[in-house]
Amino acid sequence: MTDHMPDDVSPAGRDLREYTDELRANHDIVRNVAGEWVLLRHADVVAAALDAETYSSAVSRYLQVPNGLDGEEHTRFRQVIERYLTEEALTPFLPVFEDVASQLVDGLPRGVVLDAVGDIGAVFAVRGQCAWLGWPTELEPKLLEWMADNHAATRSGDHAWMADVAEQFDEIIRSVVVPRRDGTDVPDDVTTRLCRDEVDGRLLTEEELVSILRNWTGGDLGSIALCVGVLVEHLAGSPDLLERVRVGPDAEVDAIIDEILRIDDPFLSNRRITTCPVTVAGQHIPAGARVKLHWTSANRDEEVFDRDAFKPDAHAEKNLVYGIGKHVCPGRLLATMELRIALRTIVGGVNGIELHPEEKPERAVSPVGGYQRLPIVLT
């Protein structure tokens, strides 16, 4: 490592997987142009994620339940949320997700160029989440349009635009929540049950409900779409692996998914704020500083992984795709189920997946990971 730590790193317009690989060759930690301290090494990211007292998650000015909460407050809300994300709670939805995937794949044209992210990943994500939450199918066009707008706004870095897009999404959520909170003749679905759930002996407020559902949908829709793109790209270049996904047991397919996502992790980073001075990789970080736990970089740390090599068994224990510690992703099981079903249905419904020979894949750039567009042909 070099002695000098850059303090003006700008990720704008960069593929962050490639960029953090470059940075990590000489640095354990950098400071970006926004003044955030970016942890690049696996050991430092893990240490920060496990130290919830030094690294607070109360970073955003907006209510974020539960990922923006600390201590006992986080624990109480997390207990509410995890009830909906256990294996017992999610298993009844497996045939629902399978039906969503089958209808989507059966309707895809063969022999023409498709975008694995937009035409497959995004549509599956919206339909799967709506089916799980009990949201009306009429919302699909709005949600797909919102995903495109949100991605564009996020890439632009225009905070006013991002805030406007975020408010648009909250309005979509309110259109589902308000009738369930105020009405009597309402469907018995996950959203209704959440609207009637309690924390600290009281009903969840509308603001808390919107925050929880925003977390379940707003972030997950884009993440699932990006994951499908990354997974399809990797499988298209590996017929043997594609066959293992087609016929392998669930545990093997899940391990394959996790390892591909480690190699190309679209869940880029999470923010923290220091509650006291701390030293990381020889750098003094003051109290009140903003810190980024860079999962993508940590998952490719050469000190821990054979970086680009596909080794699901050897790498599983250290894999940070879904985070670690108190704030580990509560929706990991849901995401794994959906991705397994999506992949199996795709590879089971076609003879092969080919990357388009002329249209190059378009990588997503900061602050998004994975692919912006992945042109493929189903045969």
Side-chain angles (χ1 to χ4, degrees), residues 15-18 21 97-128 144 147-148 151 221-250 252-267 296 299-300 307-312 321 335-365 368-379:
D15 171 359
L16 284 177
R17 182 176 71 151
E18 177 184 83
D21 282 351
F97 297 144
E98 289 166 356
D99 186 56
V100 167
S102 294
Q103 289 189 34
L104 172 59
V105 172
D106 288 347
L108 293 172
R110 293 352 184 216
V112 301
V113 180
L114 296 169
D115 173 21
V117 180
D119 296 330
I120 302 177
V123 176
F124 174 75
V126 166
R127 292 180 184 175
L144 288 170
M147 286 175 69
H151 193 72
L221 292 176
S223 297
I224 291 292
L226 291 169
C227 285
V228 168
V230 167
L231 294 166
V232 167
E233 191 277 338
H234 196 100
L235 292 177
S238 178
D240 291 343
L241 199 56
L242 190 146
E243 186 61 21
R244 287 170 62 186
V245 169
R246 193 193 312 270
V247 302
D250 288 354
E252 181 181 8
V253 177
D254 293 350
I256 288 170
I257 289 170
D258 283 357
E259 175 65 352
I260 294 173
L261 296 179
R262 180 202 63 77
I263 294 170
D264 194 353
D265 186 354
F267 306 105
T296 297
N299 264 331
R300 294 174 58 78
R307 194 178 75 188
D308 289 301
F310 179 80
K311 298 180 178 180
V321 164
T336 300
M337 286 177 170
E338 289 184 318
L339 290 171
R340 181 205 314 143
I341 288 169
L343 279 191
R344 273 212 172 121
T345 307
I346 294 168
V347 302
V350 300
N351 290 326
I353 305 170
E354 298 175 358
L355 298 179
H356 195 273
E358 297 176 7
E359 287 190 54
K360 297 294 183 184
E362 180 184 347
R363 293 289 302 185
V365 298
V368 181
Y371 291 93
Q372 166 75 9
R373 174 176 164 79
L374 182 73
I376 62 167
V377 177
L378 302 178
T379 60

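The shortest distance between side-chain heavy atoms of Gln372 and Val117 does not fall below 4.5 Å. Looking at heavy atoms from C-beta onward, Val126 lies in side-chain contact with Met147 at the 4.5 angstrom threshold. Using a 4.5 Å cut-off on side-chain heavy atoms (C-beta onward), Val232 and Ile120 make no contact. Side chains of Arg17 and Asp265 form no contact here, defined as non-hydrogen atoms less than 4.5 Å apart. Between Leu235 and Ser238 there is no side-chain heavy-atom pair separated by less than 4.5 Å. Using a 4.5 Å cut-off on side-chain heavy atoms (C-beta onward), Asp21 and Arg307 make contact. You'll find the side chain of Arg344 reaches within 4.5 Å of the side chain of Asp250, heavy atoms only. Inter-residue side-chain proximity for Pro375 and Leu114 is flagged as unmet; no heavy-atom pair is nearer than 4.5 Å.
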Val113/Glu359 under side chain to side chain contact (heavy atoms under 4.5 Å, CB included): CA gap, chis, key distance, verdict: CA-CA 9 Å; Val113 180; Glu359 287 190 54; 3.7 Å; yes
Evaluation steps, side chain to side chain contact (heavy atoms under 4.5 Å, CB included), between Val347 and Ile353: CA-CA 8 Å; Val347 302; Ile353 305 170; 4.2 Å; yes
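When all heavy atoms of Val123 and Gly118 are compared, the closest pair comes out as CG2-O, 3.7 Å. Contact detail for Leu339 and Leu261: the closest heavy-atom pair is CD1-CD1, 4.2 Å. When all heavy atoms of Gly369 and Ala364 are compared, the closest pair comes out as O-CB, 3.5 Å. Of all heavy-atom pairs spanning Phe97 and Gly128, the tightest one is CE2-O, 3.4 Å. Taking both residues in full, the closest heavy atoms of Ala125 and Leu221 are given as O-CD2, 3.4 Å, listed atom of the first, atom of the second, then distance. Pairing each heavy atom of Ile260 with each of Leu241, the nearest pair is CD1-CD2, 4.2 Å.
Listed by chain and residue number, Ala255, Glu259, Phe310 satisfy the side chain to side chain contact (heavy atoms under 4.5 Å, CB included) test with Pro312 (two or more places apart in sequence, or in another chain).
Note that CG of Asp15 and OG1 of Thr296 are 9.5 Å apart. Values are rounded to the nearest 0.5 Å. Rounded to the nearest 0.5 angstrom, Arg246 CZ and Arg244 CZ are separated by 14.0 Å. The structure places OH of Tyr371 at 3.5 Å from CD of Glu233, a figure rounded to the nearest 0.5 Å. A distance of 10.5 Å separates CD1 of Ile263 from NZ of Lys311, quoted to the nearest 0.5 Å. Here the straight-line distance linking atom CG of Asp254 with atom CZ of Arg340 works out to 4.0 Å at 0.5 Å rounding.
Asp115 places no side-chain N or O within donor-acceptor distance of the main-chain N or O of Arg373, the cut-off being under 3.5 Å. Of the possible donor and acceptor atoms, none in the side chain of Arg363 sits under 3.5 Å from a partner among the backbone N and O of Pro361. A donor-acceptor pair under 3.5 Å links the side-chain atoms of Thr379 to the main chain of Gly352, judged by distance alone. With hydrogens and angles disregarded, no donor-acceptor distance shorter than 3.5 Å links the side chain of Thr345 to the backbone of Ser102.
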Below 3.5 Å, can you tabulate the donor-acceptor pairs from side chains in residues 224-231 to any protein atom, sequence neighbours excluded?
none

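At a threshold of 4.0 Å, the pair Arg300-Asp264 does not count as salt-bridged, since none of the basic side-chain nitrogens sits closer than that to a carboxylate oxygen.
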